[in-house]
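One structure below.
All figures in this text were calculated on a predicted structure; none of them were measured in a lab.
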Amino acid sequence: VNNSENFEVIIIEGKVVDQEGNGVAGANVEAISGASPAAISTYADGTYSLAIFNSGGQGNGSIGGINFTLQIEGDLSIAEIKLVQAVSGADLADSKHTAALVFPRFSSQAQSSVETSVTLYVNGQFFKTLPVRVKNIYNADEHRKVFDALKFFIPPGFVRTGVFEVRAVIDPENVFVEPNETNNEKTYSQLVSPSRGLSIVMVALSPDISQKSAQEWAATTRRFLANTYPVPVVRIVPNPVYSNGWLNLPMALRDAAIVNNARVAYNAANPASRVEYAVGLYPPDEYGVGNRGFVYRRLYPQSPLVSLQFPITMAHEIGHIYLGGHEEVDDDPNLGGVSLPEGYVYDYITGKVRYIKPNSNWINFMGDPSAGFELGGVTVNPWVSPTAFNTILGARQTAMGSHTKMSAQEPLRWTATVPYEKVLYFSGYIENGEFKVSPPQTLSTTEVG
């Protein structure tokens with residue numbers, strides 16, 4: 001730098017970049033000759049502004065010897081491990097699909113990224129090795145797309161009640177030379193709670209419901225329950241269509257009794273594969289415009305009624321059995337439910353892990369049974385909150401048996417059984433002191449009392 005005019009202050013500005021043109025933060029820039037020594041570190045984007053002082057304007061007419069000191073060696077590490085079955089922050093259930101999110105990191109001023117691999121061990125046993133290009137800086141968009149994590153999808157057979165431990169090792173073959181090899185692995189453990197499957201018999205409450213529509217309802221319901229509930233598997237079995245044609249809101253309690261009787265009859269005819277719930281499907285708007293579903297949880301807690309139009313409402317209605325009322329909104333009343341906290345959701349059916357921003361449009365289904373539809377101009381995505389997931393898991397552990405309050409008794413068994421292809425099942429109810437017979441139900445079975 002020519003300083004023939006003897007300026008007192010010379011400012012040198014520049015930028016330090018790596019081999020890919022990205023700014024290098026924290027690089028040391030130093031003037032060591034021709035003036036008073038001066039040094040500065042580069043900013044986050046790699047830029048610097050170095051001020052060199054010549055006291056009184058006296059001194060050499062030139063300034064030289066500008067040095068740049070870089071950290072040439074890179075360091076690989078495992079920053080964090082998260083285990084997710086439905087949402088991060090929730091407990092783990094036995095025999096359920098689990099995602100292990102491993103966050104590798106790379107620290108270097110000379111390189112922006114490096115090719116390596118990460119090996120995961122589950123309960124002390126080798127599980128899988130995945131290749132990865134680790135960057136030393138991830139921006140907000142990459143974090144939202146979960147590009148800053150390796151995703152290991154662990155099948156249910158690996159997840160058993162008790163302590164569940166995963167260990168991640170980066171650069172397992174020690175190919176990359178590092179100044180610090182002690183941070184190349186991390187171990188994380190979490191308790192797994194006992195769980196059991198969820199089984200439902202599906203009862204169509206109107207001849208207007210086609211078999212195809214019922215099957216589509218069941219498929220969507222099964223997927224949503226399997227992803228959001230602390231259960232390893234969901235089974236939904238069909239039941240013949242009722243042809244009563246009496247649907248109206250005052251009679252909904254009567255319909256719940258019919259559905260409950262269908263559950264009792266099914267379990268009597270299928271003792272080896274009993275169901276926990278029976279759901280009554282009704283056509284859209286049969287119980288009032290926009291009515292999505294309800295459950296008489298004090299009378300027939302295992303017999304919710306759900307509109308054919310809103311299959312994910314099944315999770316909401318069953319949730320009432322374990323959670324009581326709704327989880328109230330605490331940030332935006334127009335959305336009708338509690339927004340999930342910052343974290344991750346895991347949809348094992350699609351194999352996707354997604355990041356949830358704080359107060360985003362991911363809404364807990366116990367606050368918003370119509371999630372997935374436009375509410376106040378916002379399309380919300382339904383999921384389960386960590387609190388709801390944990391409460392349901394705990395409740396199912398303490399109540400492994402079925403609810404019996406106000407439910408119909410099991411039919412008496414004959415001393416001998418006779419094989420049948422179909423059984424006609426009758427039930428009834430009392431209204432204002434008068435006994436009324438409900439529409440009959442046809443059961444397909446191989447054996448009945």
Side-chain angles (χ1 to χ4, degrees), residues 85-87 93 96-97 195-206 208-242 252 255-256 259-260 262-263 266 273-287 290-297 300-323 326 337 345-350 352 362-373 380-385 388-389 392-393 396:
Q85 287 186 339
V87 290
K96 188 170 175 63
H97 289 267
S195 185
R196 60 193 172 107
L198 185 65
S199 191
I200 300 169
V201 62
M202 179 175 57
V203 181
L205 286 173
S206 168
D208 295 334
I209 298 177
S210 68
Q211 183 177 4
K212 178 181 177 182
S213 298
Q215 289 174 344
E216 291 173 350
W217 180 93
T220 302
T221 301
R222 184 186 300 109
R223 287 195 301 268
F224 190 70
L225 283 169
N227 272 318
T228 57
Y229 265 59
V231 296
V233 67
V234 175
R235 179 172 67 106
I236 299 180
V237 295
N239 216 53
V241 170
Y242 281 94
D255 292 332
V259 173
N260 183 72
R263 180 185 64 84
Y266 181 90
S273 59
R274 296 163 59 89
V275 295
E276 188 175 358
Y277 291 93
V279 54
L281 285 185
Y282 58 86
D285 301 332
E286 286 289 348
Y287 291 126
N291 193 292
R292 294 174 171 87
F294 40 86
V295 60
Y296 293 97
R297 63 177 184 267
Y300 301 107
Q302 291 168 283
S303 304
L305 308 180
V306 176
S307 171
L308 185 70
Q309 187 179 2
F310 303 102
I312 67 170
T313 301
M314 185 74 249
H316 178 90
E317 299 306 336
I318 293 180
H320 276 306
I321 309 304
Y322 304 106
L323 296 157
H326 297 131
V345 298
Y346 170 40
D347 183 333
Y348 87 84
I349 293 176
T350 62
K352 292 182 178 179
W362 288 87
I363 304 295
N364 173 29
F365 66 71
M366 278 313 298
D368 178 23
S370 61
F373 297 85
V380 294
N381 300 305
W383 212 252
V384 61
S385 71
F389 187 93
I392 294 172
L393 178 60
R396 290 180 64 80

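Side chain of S195 to backbone of P230: a donor-acceptor contact under 3.5 angstrom is found. A donor-acceptor pair is defined here as one N or O able to donate and one able to accept, closer than 3.5 Å; no such pair exists between the side chain of K352 and the backbone of V345. In this structure, Y229 contributes its side chain and G319 its backbone to a donor-acceptor pair below 3.5 Å.
Here H320 pairs with V295, R297, H316, E317, H326, M366 under the side-chain contact (heavy atoms from CB on, under 4.5 Å) rule; sequence neighbours left out. Taking the side-chain contact (heavy atoms from CB on, under 4.5 Å) definition, one finds that P311 meets it with W217, T220, T221, sequence neighbours left out. Taking the side-chain contact (heavy atoms from CB on, under 4.5 Å) definition, one finds that V237 meets it with V201, R235, Y266, V275, sequence neighbours left out. S210 meets the side-chain hydrogen bond (donor to acceptor under 3.5 Å, both in side chains) test with S213; sequence neighbours excluded. For T228, there are no side-chain hydrogen bond (donor to acceptor under 3.5 Å, both in side chains) partners, not counting sequence neighbours. For F224, the ring pair (Phe, Tyr, Trp, His ring centres under 6.0 Å) partners are F365, not counting sequence neighbours.
Residue M202 holds its CE atom at 8.0 Å from CZ of R222, rounded to the nearest 0.5 Å. Annotation: the span from Q309 atom CD to N291 atom CG amounts to 10.5 Å, rounded to 0.5 Å. Summarising the geometry, atom OG1 belonging to T350 is positioned 7.0 Å from atom CG belonging to N227; distances are rounded to the nearest 0.5 Å. Atom CH2 of W383 is separated from atom OH of Y346 by 10.0 Å, given to the nearest 0.5 angstrom. The structure places CG of D285 at 13.0 Å from OH of Y287, a figure rounded to the nearest 0.5 Å. How far CG of N260 is from OH of Y296: 13.5 Å, rounded to the nearest 0.5 Å.
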Test side chain to side chain contact (heavy atoms under 4.5 Å, CB included) applied to Y282 and S307, step by step: CA-CA 5 Å; Y282 58 86; S307 171; 3.5 Å; yes
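Of all heavy-atom pairs between V384 and N364, the closest is CA-OD1, 3.6 Å. Between P301 and I321, the closest heavy-atom pair is O-CD1, 3.0 Å.
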